[in-house]
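Notes follow once the structure below has been shown.
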Amino acid sequence: MNILFIGKRFYTNRDALTEKYGRIYQLPYHWAKAGVDTKLWLIDYHSTEFITQQDDSLAIISTPVKNGSVIKQYWQESRSKKKPDIIIASGDCYIGLLGYRLAKKLNAKFVFDVYDKYDEFGGYIKLLGFDLFAYLLKKSDLRMFASQALLKQLGILEHDFILTNGIDRKLFRNIDKSEARDRLNIHTENKIVGYFGSMEPDRGVADLMQAIAILRSHSIHVELLLGGKSNPELDLHQSGIHYLGNVAFPEIPYALAACDILAIPYRRSPFMDAGASNKIAEAIACERPIVATKSPNLYANFAKQALELEKYLAEPNDPNSLSLAIIEQLEDQIIVSRPNNIYWEDLALNALKHIMELTSERL
């Protein structure tokens, strides 16, 4: 079997290529490692650098949109003597359309990887009322959904399946707190609550900042450690806030380990409710206590762990409720159980079994 995986290079403020980040890199990497002939084609919306490279058995090409390299590569792929049996598209609807058209041209099976609700993305346009997202869902031979909520909302095919976001076993582990704080040059006697990731309004970072301010106003010795691409609407220079910047991905486990509690303060929104956050699995793997909001993002994908965290779940968009949850968890320090299959190599092999059914092959 021959797989061509087409994905977005830069997403969630990360570079899939240089940081070997997320499902767009890790899935094809582990398929190639398992002996499947796999090629990763990254679509680059930001830079102008054309790149080809090899990572073990995985062939990789990154083509910029800005200089027309994507069109040239499409032309080459459509005329290559080595044609894929399976084309998988992941990242957004425009990459999905590219993958679908190429699959039709090459008589290959088309798999649509739906890791988010793509029609909620800022750049999504229904040109003349045409719903490209719905069209691709209908035309695909197989769909992989990152969350239970997405599957329940959008899945209709018999072989649709859940492929949750995973984590890197080597990176996300229980690291000594003192070692982590020394590495990040953090020295404080106060308790630290941490959040690391995107800071758009529906992520709830503003609520978390306000919750910390409430606690500090009541003489509770706590500080907030933040990392990720900043939002200009947030004042990150307030007392009690340490902002690390957009932390390099290999440093994220140390940032997590430096904290006494990790917060997932999501608000309710169609986009967040349908998501499948990596942060939850990362926090669990690093064995740190968690506070979170009552979000479908948590309930749908980590039902058992949500029950274990019931005492430490706040109302969304409610800093006072979040501050109370933090107080409870600071005292109790409850670490939830680890779910099965949170590592990329396990998830990739499970997904491969479903994909192979399209070609009647078996592992």
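Remark: aromatic rings of Phe121 and Tyr11 are distant, center separation not under 6.0 Å. The aromatic ring centres of Tyr118 and Tyr115 sit less than 6.0 Å apart.
Its side chain within the 4.5 Å cluster rule, Tyr254 clusters with Ile175 among the Ile, Leu, Val, Met, Phe, Trp and Tyr residues.
For the pair Thr164/Phe302, no side-chain contact is recorded, criterion being any heavy-atom separation below 4.5 Å from C-beta on. A heavy-atom distance below 4.5 Å is not found between the side chains of Arg268 and Asn317. Between Ile326 and Lys191 there is no side-chain heavy-atom pair separated by less than 4.5 Å. Two residues are said to be in side-chain contact when any heavy atoms from C-beta on lie closer than 4.5 Å; Leu132 and Tyr94 meet this criterion.
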- Task: Starting from the C-alpha separation in whole Å, work towards a yes-or-no answer on side chain to side chain donor-acceptor pair (under 3.5 Å) for Glu77 and Gln73.
- Result: CA-CA 6 Å; Glu77 294 290 344; Gln73 187 63 32; 2.8 Å; yes
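Qualifying salt bridge (Lys or Arg N to Asp or Glu O under 4.0 Å) partners for Lys229, counting only residues two or more places apart in sequence or in other chains: none.
Hydrophobic clustering (side-chain heavy atoms under 4.5 Å, transitive across Ile, Leu, Val, Met, Phe, Trp, Tyr) groups Phe161 together with Leu150. When hydrophobic clusters are built by joining Ile, Leu, Val, Met, Phe, Trp and Tyr residues whose side-chain heavy atoms come closer than 4.5 Å, directly or via intermediates, Tyr135 is grouped together with Phe112.
Applying the 6.0 Å contact sphere to NZ of Lys294 captures more than 12 heavy atoms from other residues, nucleotides or ligands.
With hydrogens and angles ignored, the 3.5 Å screen pairs no side-chain donor or acceptor of Arg203 with any backbone N or O of Pro201. Judged by distance alone, the side chain of Glu308 and the main-chain N or O of Ser337 form a donor-acceptor pair under 3.5 Å.
When Asp207, Asp318, Asp202 are each tested for a salt bridge (Lys or Arg N to Asp or Glu O under 4.0 Å) with Arg267, only one passes: Asp207.
Residue Leu42 comes nearest to Arg9 through the heavy atom pair CB-CB, 3.9 Å, listed as atom of the first residue, atom of the second, then distance.
Using bins of under 30°, 30° to 60° and over 60° for the plane-to-plane angle, the ring pair Trp31/Phe5 lands in the tilted bin.
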